[in-house]
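Numbers here are sequence positions counted from 1. Given the structure is predicted, the values throughout are model-derived calculations rather than measurements.
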Amino acid sequence: MDGEKGILLGMSLDGLKAVVKDLGMPQFTAGQIAKWLYQQHVRRIDEMTNISKMNRERLAERYVVGAMEPIDSQHSKDGTIKYLFPVGDGSKFVETVYIPDGDRATLCVSSQVGCKMNCLFCQTGKQGFEGNLTAGDILNQIYALPERETLTNIVFMGQGEPMDNLDNVLRATEILTADYGYAWSPKRITVSSVGIKGKLKRFLDESECHVAISMHTPLPEQRRQLMPAERQMSITEVVELLKLYDFTHQRRCSFEYICFAGLNDTTMHAREIVRLLEGLECRVNLIRFHEIPDVDLPGADEKRMEVLRDYLTKHGVFTTIRASRGQDIFAACGLLSTAKKLSIKD
C-alpha cells in the first residue's frame, strides 16, 4: 500500500464529505463512496462505477480503500477461527476471533496492539502496549473477514482496552450503526471495558451499544491486585456510574467474571456481587480461566462455577456460564497475543 496516500476505510460520512470537497467533487459523491465502502466492500477505487472516471482518478491519486486481507488463520476443532490481521503499515498485527454458534456468528475484534491495562490473568497485557488501532484498522477486521456476511454480533473483547482508544472505537461503531454505513442495530454490538474514568461515561453518553465490564472480583483491594486499572476507577465507581443509565429496555449491561478457585468463587464473593449490583439491571457472565505462562492462578472447576451461578441467580442477578471457545488455538478469553509475531512482507 502506498504509505503517502490517505485511507478511505474508517472515514465517517463527514470525513468523506471533507475529502470530496477538498478534491472539488460534488458533495453527493461522499454518500456514493460510503455505499461502495460499507455496503459493497470494494477493494479498489476504480470499482466505484457510478462515480465518473475523472473523479475516480482524482480520488485514486490521493487515496486508497485501505482494506488488508488476513495473513494467517487457525481453525479450532469447535469451529472457531482466529485470524491474524496486519495493521498500520503492515509491520504490526492483531488477532480477531470468529465464533459460529448455530444461527449466530460473533466476531471478537481488537482495538489496540497489546494493552496498557496489564491485568494479571490476561496474555494480551503481557505483550505490553504497541499502539492504538485506527477506525479503519478496527473495521478492516470485519471488512476483510471471509465470513463477513454471516455475522450477527460483534464484541470489542479482543486485544486492547476499547475505552483507551475511545475516539477510534466510537467512529468504528458509528460506521457500523449509521444508515450510510453497515446500518446495524447497536444492540448487535458489545463494547467491553475495565472501567476508565471519564472515558466510560463518554461512551455511555455517545453510544447506544451494549457495555460489558470486566469485574472479576467485587472486592476493590483484591481487584487492585488482579487489575491495576482499579486504582484509577474502582469497581464501586463503575457500578455507581452505570446506575445512572437505563438498562431496563434493549440496551444491556453485563459483567465479565473469570473464576479462580478459592480466590473469587466463594460464597462471600457471591454475597458481595449481589450487594454491589443491587438496583442495577444487568447480567453476569462467568468465564473459565485459561492458564497463561508464569501466572500462578488456579481456575475454578465446573461444579464451583455452577454453585456461584445458582447463588447469584437465586438472589436476583441473572448469571450464565460462558462456553469456552477456541482454546486449542489460543483464541479463548485472555489468550490473544501478537507479541511473538514476525513481520510478514508480501
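- Taking the ring centre of Y63 as origin, the terminal cationic atom of K5 falls outside the region bounded by 6.0 Å and 45° from the ring axis.
- Between the OG atom in S192 and the CD atom in E256 there is a gap of 7.5 Å [rounded to 0.5 Å].
- Taking CZ of F129 as the start and CD of E161 as the end, the distance is 11.0 Å to the nearest 0.5 Å.
- Here the CG-CG distance, from L204 to L242, works out to 6.0 Å after rounding to the nearest 0.5 Å.
- R288 places a side-chain N or O within donor-acceptor distance of the main-chain N or O of R322, the cut-off being under 3.5 Å.
- Contact record, T106 with L151: C-CD2, 4.3 Å, taken as the closest heavy-atom pair.
- The main-chain N or O of R304 is found under 3.5 Å from a side-chain atom of D301 such that the two form a donor-acceptor pair.
- M268 and L263 end up in different hydrophobic clusters when Ile, Leu, Val, Met, Phe, Trp and Tyr side chains are linked at under 4.5 Å.
- Expressed to the nearest 0.5 Å, how far OH of Y182 lies from CD1 of I154 amounts to 8.0 Å.
- Within the model, atoms CZ of R62 and CG of D22 stand 4.5 Å from one another, a figure rounded to the nearest 0.5 Å.
- Summarising the local packing, CD of E278 is surrounded by 12 or fewer heavy atoms from other residues, nucleotides or ligands at distances under 6.0 Å.
- For E208, the CD atom is loosely surrounded, since the number of other residues' heavy atoms within 6.0 Å does not exceed 12.
- Atom CG in L13 sits 9.5 Å away from atom CD1 in I175 (nearest 0.5 Å).
- A side-chain hydrogen bond (donor to acceptor under 3.5 Å, both in side chains) with Q112 is found for one member of D137, D164, N165 and no other, namely D164.
- The only option from R231, K197, K201 that meets the salt bridge (charged side-chain N to carboxylate O under 4.0 Å, His left out) definition with E237 turns out to be K197.
- Around atom NZ of K243, more than 12 heavy atoms belonging to other residues, nucleotides or ligands sit under 6.0 Å away.
- Linking ILVMFWY side-chain heavy atoms closer than 4.5 Å, directly or via other members, places V64 and I45 in a single hydrophobic cluster.
- With T124 contributing its side chain and C122 its backbone, the two residues share no donor-acceptor pair below 3.5 Å.
- Counting only distance, with no hydrogens or angles, the side chain of T190 and the backbone of V211 share no donor-acceptor pair below 3.5 Å.
- Here the side chain of R309 pairs no donor or acceptor atom with the backbone of T319 at under 3.5 angstrom.
- E281 and Y245 form no side-chain donor-acceptor contact under 3.5 Å, judged by distance and modelled atom types alone.
- Panel note: side chain K92, backbone E130; a donor-acceptor pair is recorded below 3.5 Å.
- Counting non-hydrogen atoms of other residues, nucleotides and ligands closer than 6.0 Å to CZ of R202 gives a total above 12.
- The closest side-chain heavy-atom distance from L9 to Y38 is below 4.5 Å.
- Using a distance-only test at 3.5 Å, with no hydrogens or angles considered, no donor-acceptor pair links the side chain of Q40 to the main chain of V42.
- Between R43 and E47 there is no salt bridge, since no side-chain N of the basic residue sits under 4.0 Å from a carboxylate O of the acidic one.
- Judged purely by atom type and a 3.5 angstrom limit, S110 uses its side chain to pair as donor or acceptor with the backbone of Q159.
- When ring centroids are compared, H216 and F260 stay outside the 6.0 Å threshold.
- For the side chain to side chain contact (heavy atoms under 4.5 Å, CB included) criterion with W184, the lone passing option out of T173, I189, T152 is I189.
- Looking at E95 and Y83, their side chains never come closer than 4.5 Å, going by heavy atoms from C-beta outward.
- Within a 6.0 Å sphere centred on CZ of R171, heavy atoms belonging to other residues, nucleotides or ligands number 12 at most.
- Linking Ile, Leu, Val, Met, Phe, Trp and Tyr whenever their side-chain heavy atoms come within less than 4.5 Å leaves V194 and L219 in two separate clusters.
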